[in-house]
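Each remark here refers to the structure printed beneath this line.
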Amino acid sequence: MDEPERWRHMSTAPRDGSRILVTVRPTEQGPAEVDLAYWSRADQFASEGWRASDSSPGRVIEYADPELKCWMPLPTANLSRASMPAPWEGDDAQQLDGSGI
């Protein structure tokens, strides 16, 4: 992918089970945050949807589509950078992918 370290619309996120970084929208319980998520097909535990299990060991978190603001592919290993990017703080869809230009 060109420009791998760029936030993108959730509508373009891969739904093949690969892990991606997502910005979780802020709520009254806390500010926006970045999580590691993947699309999961329906199984005996839940219906299809976005799930995260890596950031809370032993616990699977399910996200509804409106809870996730945008996504980006996992960055390549680069020891000179922080491990996670900052959450997307801009306005919604109009500014992602340069669509507001």
Side-chain angles (χ1 to χ4, degrees):
M1 286 184 186
D2 57 330
E3 298 184 60
E5 296 180 18
R6 178 175 53 87
W7 290 110
R8 303 157 190 223
H9 290 277
M10 281 305 296
S11 63
T12 65
R15 293 185 177 212
D16 60 3
S18 57
R19 284 170 163 64
I20 59 173
L21 295 177
V22 293
T23 292
V24 181
R25 293 179 185 278
T27 66
E28 50 278 346
Q29 286 83 27
E33 60 182 30
V34 173
D35 202 354
L36 182 66
Y38 60 94
W39 181 260
S40 178
R41 294 184 182 179
D43 58 20
Q44 72 264 26
F45 302 110
S47 59
E48 71 178 5
W50 294 106
R51 295 183 188 173
S53 59
D54 297 329
S55 56
S56 297
R59 184 171 163 214
V60 175
I61 298 169
E62 295 182 20
Y63 290 113
D65 285 332
E67 291 180 277
L68 302 179
K69 195 169 191 177
C70 51
W71 77 281
M72 77 166 56
L74 289 174
T76 58
N78 184 346
L79 299 177
S80 65
R81 289 194 45 152
S83 60
M84 289 285 223
W88 172 259
E89 295 291 341
D91 292 334
D92 283 342
Q94 295 82 5
Q95 292 184 14
L96 292 171
D97 291 332
S99 58
I101 298 174

Separation of [Y] [atom2] from [X] [atom1] (nearest 0.5 Å):
| X | Y | atom1 | atom2 | value |
| --- | --- | --- | --- | --- |
| D35 | I20 | CG | CD1 | 10.5 Å |
| E67 | E62 | CD | CD | 10.0 Å |
| K69 | M10 | NZ | CE | 13.0 Å |

Does the side chain of [X] reach to within under 4.5 Å of the side chain of [Y], using non-hydrogen atoms?
| X | Y | value |
| --- | --- | --- |
| R8 | P73 | yes |
| L74 | L21 | yes |
| P14 | Y38 | no |

## Note on the structure
Contacts of S40 meeting side chain to side chain donor-acceptor pair (under 3.5 Å) (sequence neighbours excluded), chain-then-number -> R51

#### Entry: Non-neighbouring partners of R25 that pass side chain to side chain donor-acceptor pair (under 3.5 Å), sequence neighbours left out
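For R25 the side chain to side chain donor-acceptor pair (under 3.5 Å) partners, ignoring immediate neighbours, are D92.
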
Heavy-atom closest contact ([X] atom, [Y] atom, distance):
| X | Y | value |
| --- | --- | --- |
| P87 | A32 | CG-O, 3.7 Å |
| T12 | H9 | OG1-O, 2.7 Å |
| W50 | A13 | CH2-CB, 3.6 Å |

### Query
Any donor-acceptor pair under 3.5 Å linking the side chain of D16 with the backbone of S18?
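Yes; judged by distance alone, with no hydrogens or angles, the pair exists.
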
### Query
Is the gap between the ring centers of W71 and W7 under 6.0 Å?
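No, too far apart.
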
### Task
Applying salt bridge (charged side-chain N to carboxylate O under 4.0 Å, His left out), name anything that partners R19, two or more places apart in sequence or on another chain.
D54

### Task
Please indicate whether R15 has more than 12 foreign heavy atoms, meaning atoms of other residues, nucleotides or ligands, lying under 6.0 Å from its CZ.
yes

### Task
Would you kindly confirm whether I61 and W39 end up in one hydrophobic cluster when ILVMFWY residues are joined by side chain heavy atoms under 4.5 Å apart?
yes

